[in-house]
Amino acid sequence: MRTLAVIFYLVLIPFSGFSRFTTLYPDIPRIDVHAHVHNNFGGIANYLSMRELMVSTHKIDLAMWINLGGESAIDTINELSGGRIMTCISDYSPQRGLTYKPGDMAPSLRKGYVGYKIWHGPYHRRLKEGEEGIKYIDDPAHEPVFAAMEKEGMPGASLHISDPNGPFGNRGNWAADPVAFWREIIGLERVLHRHPDLILVVAHGAWLVCQDAQLDFLRYMLSTYPNFYIDLAATFQYFYLLDHANLRDFFIEYPDRILYGTDIGSLADKSAIPEIVERYARTFRILETDQMVEGGFFSMNPVMGLNLPREVLEKIYYRNALKIYPGLESRMRDIELLN
Ligand SMILES: [Zn+2]
């Protein structure tokens with residue numbers, strides 16, 4: 001019997017998906033800054049169940065989420081989540097003009113919104129063929145809103161400004177044309193250049209994480225624009241495209257500018273909770289261990305773990321978020337995540 005148990009642990013577990021990753025850092029709270037809870041109230045209960053399962057199975061304290069939408073229900077979301085979900089105002093079709101106006105920024109901050117989510121991926125994902133609209137994030141039409149955000153201290157929350165553009169021969173389907181891709185990226189740089197005090201968290205590593213030279217451009221952007229930050233949402237599945245030492249070096253070099261995020265959806269289906277827990281656990285294993293991890297949050301391209309030091313992890317998991325999202329620090333004290 002004992003022999004069987006030993007065989008099970010030594011042979012079967014590593015290949016079965018049962019291998020239990022237990023974090024070395026149960027005391028570090030983690031904030032997912034890129035969550036699409038929106039106003040799905042059933043989903044909020046599932047988020048809280050997921051949180052409990054994450055603690056019991058992996059000792060991981062997935063403490064809070066930044067919700068990129070659902071703003072009409074902010075009070076209910078605060079109440080149902082016990083304060084663990086903070087909400088942003090949002091725009092998912094800015095190609096047809098922004099919903100929120102310059103005068104909305106200060107009142108929105110007073111109401112407790114923590115950022116303005118703007119989805120500005122490739123315009124052909126929002127505009128029909130031949131339809132007129134705003135193509136790039138640096139369009140003059142957006143300028144008054146960015147100026148108001150800059151003046152009032154409204155952070156850009158997980159701005160989506162392009163789609164992934166892989167290396168030649170493996171461009172991927174999202175932004176296969178490198179010229180269109182770089183027009184979108186340069187549009188972002190113009191916004192940062194025009195608004196030096198605007199705090200922008202740009203989603204998905206600004207999609208400069210699919211080629212080693214893109215990572216170098218990201219180094220240039222972070223070195224040049226001190227209020228520019230990136231989140232890691234949906235990037236883990238592209239790490240295999242990058243040189244491992246280069247990527248690890250990048251994290252060690254810019255720990256103050258990187259925020260943890262996943263792009264998790266509304267989690268309306270309760271039966272999906274165990275699987276989502278494992279998907280989260282894989283992202284933490286990639287950041288924390290030197291193991292070969294079987295995939296990221298979305299896809300199953302194996303990734304060698306980055307084995308990041310504790311000081312780097314603390315910043316990525318929550319310390320950087322504390323500097324950016326208004327009211328987060330007092331919220332963390334309220335729910336006893338900080339002393
Ligand atoms: Zn997203």
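For ligands, and for the atoms within them, numbers begin at 1 and follow the listed sequence. What you see is a predicted model; the values in this text were computed from it and never measured.
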Inset, instruction - Please confirm whether R51 makes a cation-pi placement over W65, using NZ or CZ under 6.0 Å from the six-membered ring centre and within 45° of the ring normal. - result: no

Legend entry - H36 versus D263, side-chain donor and acceptor atoms under 3.5 Å: yes

Legend entry - Passing candidate, side chain to side chain contact (heavy atoms under 4.5 Å, CB included) with L259, options I324, I66, L232: I324

Legend entry - Neighbouring protein N, O or S atoms of the Zn ion (ligand 1), below 2.8 Å: 3

Legend entry - Whether Y280 and F284 hold their rings parallel, tilted or perpendicular, with breakpoints at 30° and 60°: parallel

Inset, instruction - Could you note down all residue pairs passing side-chain hydrogen bond (donor to acceptor under 3.5 Å, both in side chains) where residues 73-85 supplies at least one of them, sequence neighbours left out? - result: N78-R331

Inset, instruction - State whether the number of non-hydrogen atoms from other residues, nucleotides or ligands found under 6.0 Å of K323 atom NZ is greater than 12. - result: yes

